[in-house]
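Notes to accompany the following structure.
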Amino acid sequence: MTQQIGGPGVVLTDEQVRRFVAERLMAEDLDGRSVCVVVPDGTRTCPLPLLLTAVRDALEGRVSRLTVLIALGTHAPMDDTELAPGVHAINHAWWEPSTFVSLGTISADRIGELSGGLLRHEVDVRINRAVVEHDVALVLGPVFPHEVVGFSGGNKYFFPGVAGADVIDLSHWLGALITSSEIIGTRGITPVRALIDEAASLIPTRRLAFCLVMQSGSDKLHAIAYGTPQQAWAAAAGVSAETHVRYLDKPVKRVVSIIPTKYQDMWTGAKGFYKLEPVVADGGEVILYAPHISSISEMHPEIEEIGYHCRDYFTKQWDRFEHLHWGVLAHSTHLHGSGTYSPEEGERCRVRVTLATAIPERTVRRANLGYLDPASVDLEALATDPETLVVPEAGEVLYRLRS
């Protein structure tokens, strides 16, 4: 059964967190077992030193082997892999084929069932071999509203966290077909969550999870839930839905989304758009203010050639784009939001997306985004504009219109 401490409005002390982790792990039959701890990278708010130290102290001398694996998905590897004193980690080397082992396939018919008929495509389920080469896989990570799956966390740390490209592409494109604005912050089992859980069911390793609800912008926790990845995720997602969603009474003409420095490129910094798109009026604008960001994506440079477009731009010209990585196409649609496309009228997006970053203007405009010199942005003046919403530390809290 799921066990949880904390909740909406609660701020847990470090001692409460350490004690909860210790008690849960001490109650498990882990003696002599090997344990792979799957953790987030630096783009997720998470007090890893506190949590990993608690895990290490609870398992030291009991388990035969303890490995910490950083769930990069397809993000850049972390340089400093000492995530806590004396706790070293390995990056999920998604670029290296020998990293993976195949767990089997999910048939096209089953994908059709899980996706509600949106996709019918067989997928080879590959995962980092470290997960299956241990007796137990322990997920340790936060839950936030998410543009692809509804709420992040749980089995998402396996798929796409330490998964092969096939599952990553399929799951992200399914989310893109549903659209970010439709799926983000959706509670319960979305089609993408159903696909992820199906893939995770093929993992032979015993799976456990600590799912966290963070106080956004800090390293403090509102809640922590423990159980299977599905159980712990469901409990944490319920708290996140009450903690990480803000409501406005009416749409705004303009949003200035201030991107924190933990997002080092636009591939990750785009979260500042996903979380704000729902409250922007038709024809409005989202300005992503990030003077520290100087590239769109070093890991996925092809996005500069594809550019950013709405979903229909791809689906109505599928013969042009089907051969490309569907995960990259999905990222493109997520950052440009809702829109329409036809050969006669071209592309018409609901909102404008403008980058105020250190990315060169030529690169920004070639990627089909608006450009603004960050030095020209007066945040204080914009904050006084009644038609503008300025959001600091954007990327974790979802903004919605009150229905």
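Scope of the values below: all heavy atoms of this structure, side chains included, with no hydrogens, waters or symmetry mates.
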Atom pair [atom1] ([X]) and [atom2] ([Y]), whose distance is rounded to the nearest 0.5 Å:
X	Y	atom1	atom2	value
I303	I296	CD1	CD1	7.5 Å
H300	S332	NE2	OG	13.0 Å
I306	H325	CD1	NE2	9.5 Å
N155	D197	CG	CG	5.0 Å
T81	N91	OG1	CG	6.5 Å
T74	W267	OG1	CH2	5.5 Å

**OP:** Pick out which of V255, L389, V377 makes a side chain to side chain contact (heavy atoms under 4.5 Å, CB included) with L382.
**Re:** V377
**OP:** Please determine which of H75, K262, M78 meets the side chain to side chain contact (heavy atoms under 4.5 Å, CB included) test together with T43.
**Re:**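 Testing T43 for a side chain to side chain contact (heavy atoms under 4.5 Å, CB included) against H75, K262, M78 leaves exactly one candidate, H75.
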**OP:** Assess whether atom CD of E15 is packed by more than 12 heavy atoms of other residues, nucleotides or ligands within 6.0 Å.
**Re:** yes
**OP:** Answer yes or no: are there more than 12 heavy-atom neighbours, outside R362 itself, under 6.0 Å from its atom CZ?
**Re:** no
Is a donor on one side and an acceptor on the other found under 3.5 Å between the side chain of [X] and the backbone of [Y]?
X	Y	answer
R129	F100	yes
T363	I359	no
R348	T340	no
T384	A381	yes
W326	E322	yes
T105	S107	no
D373	A375	yes
S240	A236	no
R193	F151	yes
H88	P85	no

When you check the side-chain N and O atoms of [X] and [Y], is any donor under 3.5 Å from an acceptor?
X	Y	result
S201	E198	no
E396	S216	yes
Y308	H334	no
T99	E96	no
R19	Q16	no

Does some side-chain heavy atom of [Y] sit less than 4.5 Å from a side-chain heavy atom of [X]?
X	Y	value
V162	L69	yes
S115	L195	no
L369	H336	yes
P47	M214	yes
I258	V391	no
V68	I90	no
W95	L72	yes
L50	R18	yes

I'd like a table of donor-acceptor pairs (distance under 3.5 Å, sequence neighbours excluded) in which one partner is a side-chain atom from residues 116-124, with atom names and distances.
unit_1: R120; atom_1: NH1; unit_2: D109; atom_2: OD1; d: 3.0
unit_1: D124; atom_1: OD1; unit_2: S102; atom_2: OG; d: 2.7

**OP:** Begin with the C-alpha distance, continue with both residues' side-chain angles, and end with the deciding distance and a verdict on side chain to side chain contact (heavy atoms under 4.5 Å, CB included) for L114 and V192.
**Re:** CA-CA 8 Å; L114 295 169; V192 183; over 6 Å; no
**OP:** Tell me, please, whether F20 has R24 positioned over its six-membered ring: NZ or CZ under 6.0 Å from the ring centre and within 45 degrees of its axis?
**Re:** yes
Can you tell whether the side chains of [X] and [Y] come within less than 4.0 Å, N to carboxylate O?
X	Y	answer
R65	D135	no
E387	R254	no
E28	R206	yes
R366	E304	yes

Looking only at heavy atoms, which two atoms of [X] and [Y] are closest? And how far apart?
X	Y	result
Y289	P374	CE1-O, 3.7 Å
A84	L48	CB-O, 4.4 Å
V131	A137	CG1-CB, 4.1 Å
L212	C46	CD1-SG, 3.6 Å
M299	P77	SD-CD, 4.3 Å
G153	V143	CA-CG2, 4.1 Å

Original post:
Would L59 and V55 satisfy side chain to side chain contact (heavy atoms under 4.5 Å, CB included), going step by step from the backbone distance to the final call?
Top reply: CA-CA 6 Å; L59 298 181; V55 169; 3.8 Å; yes
Atom pairs and distances, side-chain donor-acceptor, residues 277-286, under 3.5 Å, sequence neighbours left out:
unit_1: E277; atom_1: OE2; unit_2: S338; atom_2: N; d: 3.1
unit_1: D282; atom_1: OD1; unit_2: R350; atom_2: NH1; d: 2.9
unit_1: E285; atom_1: OE2; unit_2: T354; atom_2: OG1; d: 2.6

**OP:** Check the pair K220, D14 against salt bridge (charged side-chain N to carboxylate O under 4.0 Å, His left out), reporting the backbone distance first and the verdict last.
**Re:** CA-CA 8 Å; K220 295 297 184 181; D14 290 356; 3.4 Å; yes
**OP:** Sequence neighbours left out, what pairs pass ring pair (Phe, Tyr, Trp, His ring centres under 6.0 Å) with at least one residue falling in residues 211-250?
**Re:**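 Every ring pair (Phe, Tyr, Trp, His ring centres under 6.0 Å) pair that includes a residue of residues 211-250, provided the two are not neighbours, is F144-H244, F210-Y226.
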**OP:** Given ring-ring contact (aromatic ring centres under 6.0 Å, His included), test Y313 with F321 step by step and report yes or no.
**Re:** CA-CA 10 Å; Y313 180 87; F321 298 105; 5.7 Å; yes
Original post:
Does the pair T205 and H134 meet the rule for a side-chain hydrogen bond (donor to acceptor under 3.5 Å, both in side chains), with working shown?
Top reply: CA-CA 7 Å; T205 306; H134 289 73; over 6 Å; no
**OP:** Test side chain to side chain contact (heavy atoms under 4.5 Å, CB included) on I106 and V125 and set out the steps.
**Re:** CA-CA 7 Å; I106 302 176; V125 180; 3.8 Å; yes
Subject >> Test side chain to side chain contact (heavy atoms under 4.5 Å, CB included) applied to L208 and V139, step by step >> reply: CA-CA 6 Å; L208 299 169; V139 169; over 6 Å; no
